[in-house]
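Okay, structure first, notes after.
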Amino acid sequence: MIPWKLIDTADVPGGGEPLRLMQRGKEFTIKLGQNELMSSRLYGSEEALATLSCARLKARPDPHLLIGGPGMGFTLRAALKVLGPQARITVAELVPAVIAWARGPMAELSGESLLDPRVDIREADVARLIAGGRGTYDAILLDVDNGPQGLTRQSNDALYDSSGLRTAFAALRPGGVLAVWSSHPDDRFAPRLRKAGFDTEEIKIRATGRGGGGGARHVIWIATRPAR
């Protein structure tokens with residue numbers, strides 16, 4: 001068995017323990033303490049975050065997406081595969097090291113996606129981009145923290161509280177989609193989305209991206225701003 005090797009660490013603004021990038025052979029994981037935030041072995045649900053959202057934008061020839069939390073790049077790569085040449089994707093990441101890891105040790109996972117002309121990488125808090133983008137986006141994809149209850153930064157909770165959801169609603173164009181990934185269920189979140197004005201669908205999906213079989217089950221909420 002190949003042992004895990006520590007590649008790098010990164011402080012999280014406002015957080016406690018640092019993020020740790022670990023590698024074992026060609027496999028990568030990012031951890032916070034003993035919690036695994038993401039793994040290159042299990043990425044199907046991250047891809048589904050993109051494909052489920054983009055499927056609802058087929059009628060839009062030049063959609064503008066905002067991805068919060070690029071992770072290991074699986075959501076971005078999946079979106080680029082299905083979007084046309086006129087699409088735009090803004091990727092927001094608060095921790096500079098995560099972007100550096102994507103361009104460095106994990107470059108093989110990111111492929112050419114970070115160099116795609118449709119992509120704009122921003123070292124920024126996605127909450128600020130949402131707040132400053134009234135009527136700007138066709139879709140907002142959030143894979144920030146481990147879901148609606150913050151793990152890495154308590155301030156991430158503000159993305160998912162009632163005020164944060166109303167702000168996201170305002171940042172979307174009519175008919176736009178807010179898609180939220182979570183490693184765990186949250187019975188209070190869908191009602192909160194509906195109260196903010198969204199039509200909401202909750203999808204449970206295996207971490208592998210396949211509906212059947214074993215393994216961890218993740219949750220994706222697809223919340224649509226009504227067209228009128």
Side-chain angles (χ1 to χ4, degrees), residues 7-8 10 19 21-31 36-58 60-124 126 129 137-147 176-183 203 205-211 215-222:
I7 301 300
D8 197 11
L19 297 177
L21 175 64
M22 312 285 293
Q23 182 178 7
R24 181 174 64 185
K26 292 188 176 182
E27 181 183 348
F28 291 91
T29 183
I30 296 178
K31 288 189 171 185
E36 183 176 72
L37 299 183
M38 61 197 78
S39 167
S40 61
R41 290 183 300 105
L42 300 172
Y43 54 83
S45 60
E46 283 84 355
E47 290 182 334
L49 181 67
T51 55
L52 290 170
S53 302
C54 293
R56 290 157 173 78
L57 303 177
K58 288 182 177 179
R60 305 188 182 206
D62 56 349
H64 186 184
L65 280 67
L66 172 63
I67 296 178
M72 293 183 173
F74 296 116
T75 299
L76 175 61
R77 288 180 65 174
L80 289 170
K81 284 181 181 178
V82 297
L83 292 174
Q86 301 305 313
R88 291 182 294 148
I89 304 178
T90 301
V91 179
E93 173 53 56
L94 183 62
V95 182
V98 173
I99 300 173
W101 295 344
R103 290 173 171 154
M106 298 192 299
E108 187 174 343
L109 300 180
S110 300
E112 299 296 318
S113 61
L114 300 183
L115 301 176
D116 193 295
R118 294 172 289 177
V119 176
D120 177 24
I121 306 294
R122 304 280 298 276
E123 185 183 314
V126 69
L129 295 184
Y137 304 108
D138 296 285
I140 299 171
L141 283 57
L142 294 180
D143 183 1
V144 175
D145 226 310
N146 260 20
V177 172
L178 170 67
V180 177
W181 180 95
S182 179
S183 65
I203 301 168
I205 188 165
R206 294 292 181 186
T208 58
R210 298 184 292 273
R217 189 184 294 273
H218 296 160
V219 182
I220 296 173
W221 289 275
I222 300 292

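One is the number of the first residue; the rest follow in order along the sequence.
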*Could you please spell out the steps behind the side-chain contact (heavy atoms from CB on, under 4.5 Å) verdict for Ile121 and Arg103?*
CA-CA 11 Å; Ile121 306 294; Arg103 290 173 171 154; 4.0 Å; yes

_side-chain contact (heavy atoms from CB on, under 4.5 Å) between Leu142 and Val126, worked out_ = CA-CA 9 Å; Leu142 294 180; Val126 69; 4.2 Å; yes

*Just do the side-chain contact (heavy atoms from CB on, under 4.5 Å) check on Ile222 and Ser53 with the steps written out, would you?*
CA-CA 7 Å; Ile222 300 292; Ser53 302; 4.1 Å; yes

*Show your reasoning for whether side-chain contact (heavy atoms from CB on, under 4.5 Å) applies to Leu76 and Ile89.*
CA-CA 8 Å; Leu76 175 61; Ile89 304 178; 3.9 Å; yes

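Arg217 places no side-chain N or O within 3.5 Å of a backbone atom of Ser183 that could act as its donor or acceptor partner. With hydrogens and angles ignored, the 3.5 Å screen pairs no side-chain donor or acceptor of Asp120 with any backbone N or O of Thr90. Side chain of Ser182 to backbone of Val219: no donor-acceptor contact under 3.5 angstrom is found.
Closest heavy-atom contact between Thr29 and Met38: OG1-O, 3.1 Å. Closest heavy-atom contact between Ala102 and Leu114: CB-CD1, 3.8 Å. Across all their heavy atoms, Asp138 and Pro63 have their closest contact at OD2-CA, 3.2 Å. Nearest heavy-atom pair across Ser113 and Ser110 is OG-O, 2.6 Å. Residue Ser45 comes nearest to Trp181 through the heavy atom pair OG-NE1, 2.9 Å, listed as atom of the first residue, atom of the second, then distance. For the pair His218 and Ala207, the tightest heavy-atom approach, listed with the atom from each and the gap, is CE1-CB, 3.4 Å.
The distance from the CD atom of Glu47 to the CZ atom of Arg77 is 8.0 Å, given to the nearest 0.5 Å. Distance check, rounded to the nearest 0.5 Å: CD of Gln23 to CD1 of Ile30 gives 12.0 Å. Taken to the nearest 0.5 Å, the CD1 atom of Ile67 stands 5.5 Å off from the CG atom of Leu141. Taken from CD in Glu108 to OG in Ser40, the straight-line distance is 10.0 Å, to the nearest 0.5 Å. In this structure, the separation between CZ on Arg122 and CG on Leu66 is 9.0 Å, given to the nearest 0.5 Å.
Using a 4.5 Å heavy-atom threshold, the side chains of Leu21 and Met106 count as touching. You'll find the side chain of Val119 reaches within 4.5 Å of the side chain of Val91, heavy atoms only. Looking only at side-chain heavy atoms (C-beta outward), Leu65 and Leu57 come within less than 4.5 Å of each other. Met22 places none of its side-chain heavy atoms less than 4.5 Å from the side chain of Phe28. You'll find the side chain of Tyr137 reaches within 4.5 Å of the side chain of Leu129, heavy atoms only. For the pair Phe74/Leu109, a side-chain contact is recorded, criterion being any heavy-atom separation below 4.5 Å from C-beta on. Side-chain atoms of Leu37 and Lys31, non-hydrogen and from C-beta on, never get closer than 4.5 Å to each other. In this structure, the side chains of Asp8 and Pro105 stay at 4.5 Å or more apart for every pair of heavy atoms.
Residue-environment remark: CZ (Arg56) exceeds the threshold of 12 foreign heavy atoms within 6.0 Å.
One finds a salt bridge joining Arg41 and Glu27 here, because a Lys/Arg side-chain nitrogen approaches an Asp/Glu carboxylate oxygen to under 4.0 Å.
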